[in-house]
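Take a look at the structure below.
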Amino acid sequence: MKKALYITCYNITDPTDGISKKIQQQLVALHEIGYEVNAAYSEKGCLRLVYNCGQSFSSGNLSEIKSSKPLFFLRLAAFLKNEATNYDVFYIRNPHGNLYSLFFSYFLYAASHLSKKVILEIPSYPYDDEVQGLLSKLSLIIHKIQRPFFKLYISKIFYTGMLVDQIWGVPSSRIYNSCDPSDVPLANFNHSPCPKAIRLIAVANLAPWHGYDRVLYGLHYYINSSSHECNVFFHIVGDNEPEFSRLKKITENLGLDHYVKFHGRMISSQIDNLFVGCSVGVDSLGRHRSGNSYNDSIKSKEYAFRGVPFIKSHRDDSFNNVGFVYNAPQDDSWLMIEEIVDWVSCSDFDTYAIRDFAMNNFQWKKQLEKFI
């Protein structure tokens, strides 16, 4: 069996984190397309390596090396040089923030001699304008200095974003964010015309570019208008600061406590139960705030797997010309709740058809086997 090493600076052990779940699903997908999979990741000041984790991440054998974040790739290169293992593929998630990129180019040089193929995944491209904070901006500068050398060592770049042929001089292929269907059950919600109540749900690591304040202001306007004929409620899952506190403050100031429920961070089973009573998902409504009008979110794929129609404002080619997506304007105007009510009332959403669409397009095995 061929061997793959998945490398990420992200902690992939948090069961409540969407990115962590995505990476674990990619490990399984690599195994399903014929690889014995090992993984290297960062957690609590350590470089951790898990062996034979494709079938089950939790059952893999673990090795641990103490390492600061800036030394992650330097320590990993040294370890791999002394390891008696030949890899067919290094699958590397692009380093982001915390000075992880300090020795990244050096690691790529070493990787090109230790593996037949070096693949870099960019989870969202372009991303430079999204970087916030002094440390992250410094890390980005270091990354930019090294980019001219990437074409010497990287075989291929996989990315999500607008269609391009090359990134940093490296041949590139677009993939769509995907899910493991077994992790995202059907919501089993019956979509009925002219509902008496509509329950919106947003699940995210809360940030300004999710634009959920647009929903709050729109909801306030709708409730106080003469067109208020349907009760609309908004459920928010996530607790990242400072956005969590900002949204709660807006809710309080607008007097929306009866209509908006903050659930904080939830595990998968709790989210599954919450979806049973919710009829419309809310994806990002503020990607324009980060200077990028295109996005390929995992969340939209999860909504589709659940059979739930959803709202977004960004471009996403994976959902072109489908009736279960409502496209809001790419600006900071409040969300027109009356239009959402009309959209839901006039649509006969087929839960199973939405899930079938996701099954046919958004499984990690199908995405990765196209190119590896």
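Heads up: numbering here begins at 1 and tracks the sequence.
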d(Arg93 CZ, Ile23 CD1) to nearest 0.5 Å is 4.5 Å

State whether a side-chain donor-acceptor pair under 3.5 Å links Ser124 with Thr160.
no

- Quick one: sort the His210 and Tyr212 rings into parallel, tilted or perpendicular, breaks at 30° and 60°. parallel

OG (Ser279) and CD1 (Ile198) are apart, to the nearest 0.5 Å, by 5.5 Å

Practice item. Group every Ile, Leu, Val, Met, Phe, Trp and Tyr by side-chain heavy-atom contacts under 4.5 Å, then state whether Ile141 and Trp168 land in the same group. Key: no

Group every Ile, Leu, Val, Met, Phe, Trp and Tyr by side-chain heavy-atom contacts under 4.5 Å, then state whether Ile145 and Tyr100 land in the same group.
no

| message | Angle between ring planes, Phe310 versus Tyr303, binned at 30° and 60°: parallel, tilted or perpendicular? | response | tilted

TODO: Report whether Leu163 and Tyr125 are members of the same hydrophobic cluster (ILVMFWY, side-chain heavy atoms less than 4.5 Å apart, transitive linking).
DONE: yes

Determine, step by step, whether Leu368 and Leu30 satisfy the side chain to side chain contact (heavy atoms under 4.5 Å, CB included) criterion, reporting the C-alpha distance in whole Å, the side-chain angles of both residues, the deciding distance to 0.1 Å, and the verdict.
CA-CA 7 Å; Leu368 297 182; Leu30 284 169; 4.1 Å; yes

Could you walk me through whether Phe150 and His143 pass the ring-ring contact (aromatic ring centres under 6.0 Å, His included) test, one step at a time?
CA-CA 10 Å; Phe150 290 179; His143 195 283; 5.3 Å; yes

With sequence neighbours left out, the residues meeting side chain to side chain contact (heavy atoms under 4.5 Å, CB included) with Leu80 are Leu5, Leu76, Glu83, Tyr87, Phe90, Phe107, Leu114

Value for OG1 (Thr251) from CG (Leu216), rounded to nearest 0.5 Å, stands at 4.5 Å

N/O donor-acceptor pairs under 3.5 Å from side chains in residues 318-328, not counting sequence neighbours:
residue : atom : partner : partner atom : Å
Ser318  : OG   : Asp316  : OD1          : 2.6
Ser318  : OG   : Asp316  : OD2          : 3.2
Asn320  : ND2  : Asp317  : O            : 3.4
Tyr326  : OH   : Glu339  : OE1          : 2.6
Asn327  : OD1  : Lys312  : NZ           : 2.6

Please determine whether the number of non-hydrogen atoms from other residues, nucleotides or ligands lying under 6.0 Å from atom OH of Tyr109 exceeds 12. no

- Item | Check: Tyr259 ring centre within less than 6.0 Å of His220 ring centre | no

State whether Asp296 and Arg174 are salt-bridged, where the test is any N-O pair (Lys NZ or Arg NE/NH1/NH2 against Asp/Glu carboxylate O) under 4.0 Å. no

**Message:** Check Glu121 with Lys22, please: is the shortest side-chain N to carboxylate O separation under 4.0 Å?
**Reply:** yes

Checklist entry - Is any NZ, NE, NH1 or NH2 atom of the basic residue among Lys3 and Asp88 found under 4.0 Å from an Asp or Glu carboxylate oxygen of the other? => result no

Salt-bridge criterion met for Arg48 and Glu43 (N-O under 4.0 Å): yes

Strictly by modelled atom types, are Gln25 and Asp183 linked by a side-chain donor-acceptor pair under 3.5 Å?
yes

>> Using a 6.0 Å cut-off, check whether atom CZ of Phe262 has over 12 heavy atoms from anything other than its own residue.
In response: yes

Are Trp209 and His314 an aromatic pair by the rule of ring centers under 6.0 Å? no

Consider only side-chain N and O atoms of Thr13 and Tyr41, and report whether a donor and an acceptor are under 3.5 Å apart.
-> no

*Side-chain H-bond candidate by donor/acceptor type, Ser139 with Ser136, under 3.5 Å*: no

message = Membership question, hydrophobic clusters at under 4.5 Å side-chain separation (ILVMFWY): are Ile298 and Ile122 in the same one?
response = no

### Task
Answer yes when Arg214 and Asp332 have at least one side-chain N-carboxylate O distance shorter than 4.0 Å, and no when they do not.
no

- Query: Using a distance-only test with no angle check, is there a side-chain donor-acceptor pair under 3.5 angstrom linking Ser178 and Lys366?
  - Reply: no

Between Gln26 and Gln367: side-chain donor-acceptor atoms closer than 3.5 Å: no

Margin query: Under 4.5 Å between side-chain heavy atoms, counting indirect links through other Ile/Leu/Val/Met/Phe/Trp/Tyr residues: same cluster for Val164 and Ile154 or not?
Written below: yes

